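Report on the structure given below.
None of these values were measured; they are calculated from a predicted model. The chains referred to below are lettered A, B, ... by the order of the sequence lines, with proteins before strands, and numbering in each begins at 1.
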Number of protein chains: 2
Amino acid sequence: MSNRLTLTAMPKLVLPDVLYALSDPLRLRIVCQLASEGDTACGTFGIDMPKSSLSHHFKVLRDAGVIATHSEGVRRINTLRRDELEAAFPGLLESILDAAQPRAARSRKVLKPSREKTSSTRASSGPR
Amino acid sequence: MSNRLTLTAMPKLVLPDVLYALSDPLRLRIVCQLASEGDTACGTFGIDMPKSSLSHHFKVLRDAGVIATHSEGVRRINTLRRDELEAAFPGLLESILDAAQPRAARSRKVLKPSREKTSSTRASSGPR
DNA sequence: TCCTTCGTTCGAATTTCTTCGAACAATGTA
DNA sequence: TACATTGTTCGAAGAAATTCGAACGAAGGA
């Protein structure tokens with residue numbers, strides 16, 4: 001989790017760092033939204049949270065190399081680095097994005113009824 | 001009501017928790033070793049670390065549902081829960097295991113002979 | 001039974017992560 | 001220029017994760 005790179009160079013993709021960045025429900029949600037809706041500004045995620053907190057999570061994703069950010073007028077547009085991730089870790093992002101979907105939505109591929117629920121014990125977005 | 005079956009009930013697989021468990025280099029190494037060498041006792045990982053620390057990491061993996069542990073004499077045998085993981089998150093474990101390998105070793109699986117770059121960047125295994 | 005082995009659990013110290021207000025910077029608009 | 005918008009950065013407080021010694025428990029062997 002070190003970022004001593006220059007501003008121009010993108011961080012090297014390190015598997016544990018990528019997995020860590022995606023292990024937070026909020027960040028995973030951000031990535032899923034970027035994957036489904038394309039590049040988006042930080043403020044367009046409908047997340048009720050102070051902007052400094054939100055900015056922190058984007059930074060974690062950025063430092064891990066999961067997303068890239070560029071300015072566009074006043075806004076900062078975030079881009080999911082699909083190609084780089086695919087090149088470094090083939091199939092990883094796709095499987096995570098797929099796994100992040102509710103089972104009901106995923107069952108379109110696999111015909112399997114499921115009656116389970118999902119809840120996270122750790123790193124939930126509740127107040128600490 | 002006493003239900004013996006629930007004694008063996010494994011934790012529900014939650015994606016962020018699984019990703020978090022695998023986001024630690026040491027735990028990732030443990031999982032890779034379990035994947036390649038099959039069930040193994042805790043003390044057979046060649047990790048120079050107090051046993052209480054090591055036990056902690058096994059517990060994290062266990063709580064996330066990544067591995068299961070059962071007693072066998074004096075030893076505690078760890079098993080990678082491949083089937084359960086595959087059922088819950090198709091392709092995820094495989095892509096992570098594949099990504100955890102050095103690039104040189106991974107390119108062997110590719111059908112097409114990739115004569116492209118041979119990045120010599122070392123695998124990162126620094127502690128967080 | 002005593003002792004050894006293998007691993008878990010406990011408790012505390014240390015480190016890291018998360019959150020959030022406040023200050024700051026960059027851009028666009030009146 | 002003055003002001004609003006959009007995010008970043010800083011600093012501190014609180015929460016969580018990691019580490020490790022010590023105590024404990026469950027086999028197995030002498």
Is there a path of hydrophobic side-chain contacts, each under 4.5 Å between heavy atoms of I, L, V, M, F, W or Y residues, that connects I77(A) with V74(A)? no
Does a side chain donor of either T69(A) or N78(A) reach within less than 3.5 Å of an acceptor in the other side chain? yes
Mapping V74(A) and H57(A) onto DNA chain C by nearest heavy atom, which one lands closer to the 5' end? H57(A)
So, the side chain of E94(B) versus the backbone of G91(A): is there a donor-acceptor pair under 3.5 Å, distance only? no
note: L61(A), atom CG; dT18(C), atom C1'; distance rounded to Å ~ 14 Å
When you get a sec, tell me which of dT18(D), dC20(D), dG7(C) is the closest nucleotide to the side chain of R27(B)? dT18(D)
Rounded to whole Å, CE of M49(A) lies from C1' of dT19(C) at a distance of 7 Å
Establish, with yes or no, whether the OP1 or OP2 oxygen of dC6(C) is under 4.0 angstrom from a side-chain nitrogen or oxygen of R75(B). yes
Ranking R76(B) and S71(A) by the position along DNA chain C of their nearest nucleotide, the one closer to 5' is R76(B)
Find the distance D24(A):CG to dA16(D):P and express it as a whole number of Å. 13 Å
OP1 or OP2 of dG7(C) versus the side-chain N and O atoms of R62(B): is any pair under 4.0 Å? no
Taken to the nearest whole Å, CD/E72(B) to C1'/dT5(C) is 16 Å
Distance below 4.0 Å between S53(B) side-chain N/O and dT18(D) OP1 or OP2: no
Does OP1 or OP2 of dC20(C) have a side-chain N or O of S52(A) closer than 4.0 Å? no
Rounded to the nearest Å, what distance is computed from the NE2 atom of residue H56(A) to the P atom of nucleotide dT16(C)? 14 Å
L54(A) CG to dC17(C) P, in whole Å, measures 19 Å
To the side chain of V60(B), which of dG7(D), dT9(C), dT18(D) is closest? dT18(D)
Just do the side-chain contact (heavy atoms from CB on, under 4.5 Å) check on R82(B) and L97(B) with the steps written out, would you? CA-CA 11 Å; R82(B) 302 188 92 126; L97(B) 290 175; 3.7 Å; yes
Are more than 12 heavy atoms, taken from residues, nucleotides or ligands other than R75(B), located less than 6.0 Å from that residue's CZ atom? no
Given dT18(D), is OP1 or OP2 found less than 4.0 Å from the side-chain N or O atoms of Y20(B)? yes
